[in-house]
Amino acid sequence: MSAQSPSARNETSQSETRWPRQPFTPLQLAIGLAVALFSLGTLAAGLTVGTPNYPIALFGALALATVARFWWPVSFWLDFALFLYGTGILFSALGAGGEIGSSFWLALATLWLLAWLFAERLSQAIAGGSASARFGFIVPTLFGISILLVWELITRGAGIPTILLPPPSMIFDRIMNSWPILLADFRQTILKAVLVGYVLGSGAGFLVAIAIDRSPFLKRGLLPLGNFVAALPIIGIAPIMVMWFGFDWQSKAAVVIVMTFFPMLVSTIAGLNASGHIERDLMRTYAAGYFSTLLRLRLPAAAPMIFNALKINTTLALIGAIVAEFFGTPTVGMGFRISTEVGRMNVDMVWAEIAMAAVVGSAFYGLVTLIERAVTFWHPTVRDGRA
Amino acid sequence: MFQRMMSGTLGPVLVVVTALMVIWYGFAVFLNTPWQNDKNTRAEVVMAPMEFVGATLSQKRPLLPGPHQIAAELFKTTVQTPPTSKKSLIFHGWITLSSTVLGFAFGTLLGIVLAVAIVHNQTSNRSLMPWIIASQTVPIIAIAPMVIVVLNAVGISGIVPKALISTYLSFFPIVVGMVKGLRAPEAIQLDLVHTYSASPWQTFWKLRWPMAMPYLFTSMKVGIAAALVGAVVAELPTGSAGGYGARLLAGSYYGQTIQIWSALIAAATLAALLVLAVGLTERLVNASMGARP
């Protein structure tokens, strides 16, 4: 492959029997041997079992050829290329509608092993400095993609009933086809219940924390209670809130408010105590009053812990709003959709809602993280992250 | 004496709890007033103020029951009912507890294994960590009932599906805590065991593992609370099988507010007991490892 550096080529031309520049770790050795074993199996099964499947057999032969890695340096990009090639072969085998036999499963195992080997070698190369750190994102991305791939290939190849686990492509189709319904649910659950509850709950926790921070007595009394309540299954108040505030989004927002209040309260109180005595004394020598000290020293010092609570609260808010909808709701909303479509065994719709919840949850979390990085740019963890 | 109590933690906590109780009673009277008014006008009864307050606090299905009503219900369903009865909260507590503990055990094991892999293998560190964090932004607990229903449809029922939800929720704090803990040894300490020519295995058991213990127990306290929440939510669709979640759902169907609140308080007590149990285990382990108190 083109990514192989010129120096590596020079070394091999100088002495052909030379060991590859980066020695194999025991794990890589094991995976490499497994690749050889499974590709041999793929080749044999592709040629002999049932009707011969020549494309799969060819993939097996090519993968078997990488055994050469034990004598010559084989670029890890070659493993990656083989992984892509094999993926294409397997999808075309599925599309052709022929029988799915042992060669298919052996090829899938080979594919997965190749991806693993590639990830191992790439991260070793990055750690060793012989590959750019810019490729670092490939490893986690590949992990996610290969899980989706294996999911798709296994569900379709083995003919798993879609009620049990629909393939990702089917879920994607459903998302594309049911866009209006998903959008309505998004508006009801996220834009109304989650956002209102998140803002009010976190805001109230923040303000109450600042208010009781002035009284050491209240602080000592409320902090253990807050810690205790934060560990309780607060989600259980959902039926009560539905009883009090009705079926619409207000009751869901109320659940979210209660769920997000306590983490924020506890974290803010702890954060306000984070500034040291020396710093506070310094503010006193500047003749800074209470509010000036609060704004210029204690709140900035509390920011990392406050953002920690804000991040925890994103997930809690989503959970609270969706679960509360199980206890009664108008005929729209993510929780409502999930519970009714399960009853109708429309599992692809359920998975579409789950996918949306996952995307929205990750985006919400990511957004708070971005704001955190902008606000607490001075904190060591953020500086480390940028370096 | 009074001064000493108020400068500690116990005094303030008691004062705050008392204040909360007073507020609670206030709200209970306020919220239950409209219904009581309705009832009185229909029955054409006029009550004296104190009598009226008493009536709001002894309704059968109040909007907000008074603490004494919940306490009475708790007493009735734990002490006065045999634990084998379906009306006993101890019976339901056992169901919830068993799936919580099973799921938590799985989760702890999984979390530790993942943390060890992440700390010792670069690839795991790069590929697993982002997805472990992403896995927790999926509101799994919101889809827990669906997971249960689907698993039931294929014949997997009973305690295992519920325990799986608890596992999913509890492994995350363990992974995060253990990764931090296993990386807690500083370079100078790693260098020291290196000069003793310790093998990686010995470094793990004699340095990394002991140093990770405080982190492990802190995460376990978070994890077991999360496991309980998972078990309760997972019980929502399995109404007949019991558990605190089933009690909550049944109570909400029939408007039995006192039943909802007593199940809620019982679950809270169970959570507190479980966290306490982890704390006690921590002390025992610390003592047996020779930590000074």
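The structure displayed is predicted, hence computed values, not measured ones. In what follows, chains are A, B, ... by sequence order, proteins preceding strands, each numbered from 1.
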Which region of Leu31(B), side chain (C-beta onward) or backbone (N, CA, C, O), has a non-hydrogen atom less than 4.5 Å from a non-hydrogen atom of chain A, or is it both or neither? side chain

Which atom of Phe217(A) lies closest to which atom of Pro12(B), heavy atoms considered: O-CB, 3.5 Å

Step by step, would you call Ile319(A) with Val233(B) a side-chain contact (heavy atoms from CB on, under 4.5 Å)? CA-CA 11 Å; Ile319(A) 291 172; Val233(B) 175; over 6 Å; no

Is it the case that over 12 heavy atoms from other parts of the model lie below 6.0 angstrom from the CZ atom of Phe247(A)? no

Flag, side chain of Trp131(B) to backbone of Phe143(A), donor-acceptor distance under 3.5 Å: no

Residues 257-282 of chain B vs side chain to side chain donor-acceptor pair (under 3.5 Å), sequence neighbours excluded, gives Lys221(B)-Glu282(B)

Between CG of Asn121(B) and CD of Gln124(A), what distance do you get to the nearest 0.5 Å? 10.5 Å

Do Ile237(A) and Ile260(B) touch side chain to side chain, with heavy atoms closer than 4.5 Å? no

With a 6.0 Å cut-off (strictly less than), is the heavy-atom count around NZ of Lys180(B), excluding the residue itself, greater than 12? no

